[in-house]
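Lettering of chains follows the sequences in order, A, B, ..., and the numbering in each one begins at 1.
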Amino acid sequence: MKSSPQEHPVSEKQAKELLQTYRPMIVVDTNFRDTLRADLLRNAQKKW
Amino acid sequence: MLIFFGFFQKNHYTVYVFCHCILFFSSYGMRDFLETLNSARQGDRDAIGYLYDMSYEKIYRFVYHRIFDTPKTEDIVSDVFFKMLRALPRMRATSEGEFFSWLYRSAYTTYIDAVRNRDVSSLDSELSIPSIEPSYAQDIDNRDRLHRIEVCLQDFSDRDRAILKMRVWDELPYETIAEIMQESVANTKQIVSRGLRKITARLEHFILCIFIVLL
């Protein structure tokens, strides 16, 4: 017995969840973050 | 005192984090955002540091979701924060929401400029993975994941794909997305809803095919 797509509804919520599962995994490099922070604050000191 | 010393010896990292949390909340964490922004406009380094700390990871993720390349993401993120520093004295934002809208818009235009200058390959404008070799294992994994959803997003326009990613991956409010893409909020909501409906239809078709094969 064949079935129509309507009998297997996939909700928009499920579609959103599916896209979320493919969200890239990101590990933030804290060394870069801290270096950029220090550079930014050093520039702020020069600017003001 | 001895008990505290013993606790500190065993849990020095917990105590260290706890002390930092107290310092953080007592200095800027509990302060009114506008007050912090005004201090930053006048060059208060603690306030600028606070703005940076609260937004770095969000902006990093936002940029990375468009290019999947760690070194180039770092270049763009640097540009965005130095632009923020230059713009602070004349920034008209009066709330946290407006500040973030400005920052995301700046990140998006910096990314678009980098694509135009061919500094980076755009994933919003073409789904084929850029030919440059990713230099980090994380980038390779992420590009592999992107290949797997190509089938769902293949005939979306560049604009629709970008808006859908901002909503689902970056979890941005519709108002911010509308600001970034220079669209109306109503239109942005419609694009997200239409995009999800399209994906839903494809998933239904996919599930039906599996069902028929199993029969």
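- Evaluated for a side-chain contact (heavy atoms from CB on, under 4.5 Å) with K189(B), the options V185(B), N187(B), I191(B), V192(B) yield exactly one hit, V185(B).
- Among L36(A), D39(A), N43(A), the residue with the largest count of heavy-atom pairs under 4.5 Å with chain B is L36(A).
- Contact of the E179(B) side chain with the F100(B) side chain is not registered, since no non-hydrogen atoms from C-beta on lie closer than 4.5 Å.
- Side-chain contact of T109(B) with R105(B): a donor-acceptor pair under 3.5 Å is absent, judged by distance alone.
- Looking at K16(A), the atoms closer than 4.5 Å to chain B (heavy atoms on both sides) sit in the backbone and in the side chain alike.
- Using a 4.5 Å cut-off on side-chain heavy atoms (C-beta onward), Y56(B) and V80(B) make no contact.
- No other option in L164(B), V77(B), L88(B), V168(B) has as many heavy-atom pairs under 4.5 Å with chain A as V168(B).
- With a 4.5 Å cut-off on non-hydrogen atoms, Y52(B) touches chain A through its side chain but not through its backbone.
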